[in-house]
Amino acid sequence: MAFGVYFIATNLRQEELDNIDFINQNYNFTKGIVVKKSVQKGNHIRVKYEVDNKEYIGIDGFTSYQKVSEGDTIMVKYSVSKPELMISQFNEQFNK
């Protein structure tokens with residue numbers, strides 16, 4: 001069972017890294033609004049942002065030393081070809 005959990009976690013992390021690589025191939029920036037902050041089972045935020053008059057909600061993590069609250073405006077980096085893929089300014093890959 002432990003191997004199964006490890007396998008799933010490893011695959012999810014690899015999918016996340018692949019999405020970040022995809023975003024970095026052709027991206028743009030916009031502002032988003034933090035609509036939900038969660039500190040249970042890891043630190044995550046839900047961010048609402050708009051691209052070409054269409055609204056999206058993405059999820060990204062943050063660290064405990066990064067101050068963020070619901071309602072905050074933050075920067076979002078999104079894929080031009082798949083705008084549903086995004087990372088927030090709190091992601092270590094944001095400036096790469």
Side-chain angles (χ1 to χ4, degrees):
M1 184 164 164
F3 177 74
V5 171
Y6 172 79
F7 181 76
I8 291 169
T10 302
N11 282 343
L12 289 174
R13 178 65 179 149
Q14 186 58 51
E15 183 179 333
E16 178 184 357
L17 293 173
D18 291 345
N19 285 342
I20 290 171
D21 286 342
F22 189 83
I23 292 167
N24 284 328
Q25 290 175 17
N26 186 16
Y27 61 87
N28 208 343
F29 296 97
T30 191
K31 291 182 181 177
I33 297 174
V34 177
V35 293
K36 178 96 171 135
K37 175 183 173 182
S38 176
V39 293
Q40 296 177 348
K41 297 182 183 179
N43 297 331
H44 294 86
I45 52 174
R46 290 185 187 272
V47 181
K48 179 171 63 173
Y49 60 103
E50 190 175 297
V51 176
D52 296 329
N53 296 318
K54 185 171 180 185
E55 195 172 274
Y56 296 91
I57 295 183
I59 300 172
D60 203 7
F62 67 96
T63 61
S64 58
Y65 67 86
Q66 295 169 316
K67 302 300 179 202
V68 61
S69 299
E70 291 179 10
D72 285 355
T73 299
I74 64 169
M75 290 303 297
V76 171
K77 182 181 191 180
Y78 67 91
S79 166
V80 171
S81 59
K82 288 185 171 183
E84 66 273 13
L85 296 180
M86 61 72 77
I87 55 176
S88 76
Q89 69 187 49
F90 300 112
N91 192 302
E92 63 185 24
Q93 300 295 316
F94 187 79
N95 291 318
K96 293 185 179 186

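Computed from a prediction, not measured in an experiment: that's the story for all the values here. Only this structure's heavy atoms are used, side chains among them; waters, hydrogens and symmetry mates stay out.
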In terms of heavy-atom contacts, Val34 and Ser69 come closest through CB-O, 3.6 Å
Residues sharing Phe94's hydrophobic cluster, by side-chain heavy-atom contacts under 4.5 Å among ILVMFWY, directly or via others?
Ile20, Phe22, Ile23, Tyr27, Phe29, Met75, Leu85, Ile87
Rounded distance (nearest 0.5 Å) linking atom OG of Ser88 with atom NE2 of His44
10.5 Å
Could you tell me whether the side chains of Asp18 and Gln14 share a donor-acceptor contact shorter than 3.5 Å?
yes
Show, in sequence, the C-alpha distance, side-chain angles and deciding distance for Phe90 and Ile74, and conclude whether the side-chain contact (heavy atoms from CB on, under 4.5 Å) test is met.
CA-CA 9 Å; Phe90 300 112; Ile74 64 169; 3.9 Å; yes
Gap separating the CD atom of Glu55 from the CD1 atom of Ile57, nearest 0.5 angstrom:
6.0 Å
Check whether Tyr56 and Val47 end up in the same hydrophobic cluster, where Ile, Leu, Val, Met, Phe, Trp and Tyr are linked by side-chain heavy atoms less than 4.5 Å apart.
yes
Got Tyr49 and Met86 here, is their nearest side-chain heavy-atom distance under 4.5 Å?
yes
Assess the residue pair Asn43 and Ser38 against the criterion (side-chain contact (heavy atoms from CB on, under 4.5 Å)); give the C-alpha distance rounded to whole Å, side-chain angles, the decisive distance to 0.1 Å, and a yes or no.
CA-CA 6 Å; Asn43 297 331; Ser38 176; over 6 Å; no
Are Ile59 and Val39 linked, directly or through other ILVMFWY residues, by side chains that come within less than 4.5 angstrom of each other?
no
How many angstroms lie between CD1 in Ile45 and NZ in Lys37, if you round to the nearest 0.5 Å?
9.5 Å
Using the side-chain hydrogen bond (donor to acceptor under 3.5 Å, both in side chains) rule, pick out the option among Asn28, Asn91, Asn24 that qualifies with Lys77.
Asn24
Between atom OH of Tyr78 and atom CD of Glu84, what is the distance when rounded to the nearest 0.5 Å?
12.0 Å
Close side-chain approach of Glu70 and Val35, heavy atoms under 4.5 Å
no
Is the side chain of Asp52 donor-acceptor paired with the backbone N or O of Lys54 at a distance under 3.5 Å, no angle test?
no
If I take atom CD from residue Gln93 and atom CG from residue Asp60, how far apart are they, to the nearest 0.5 angstrom?
10.5 Å
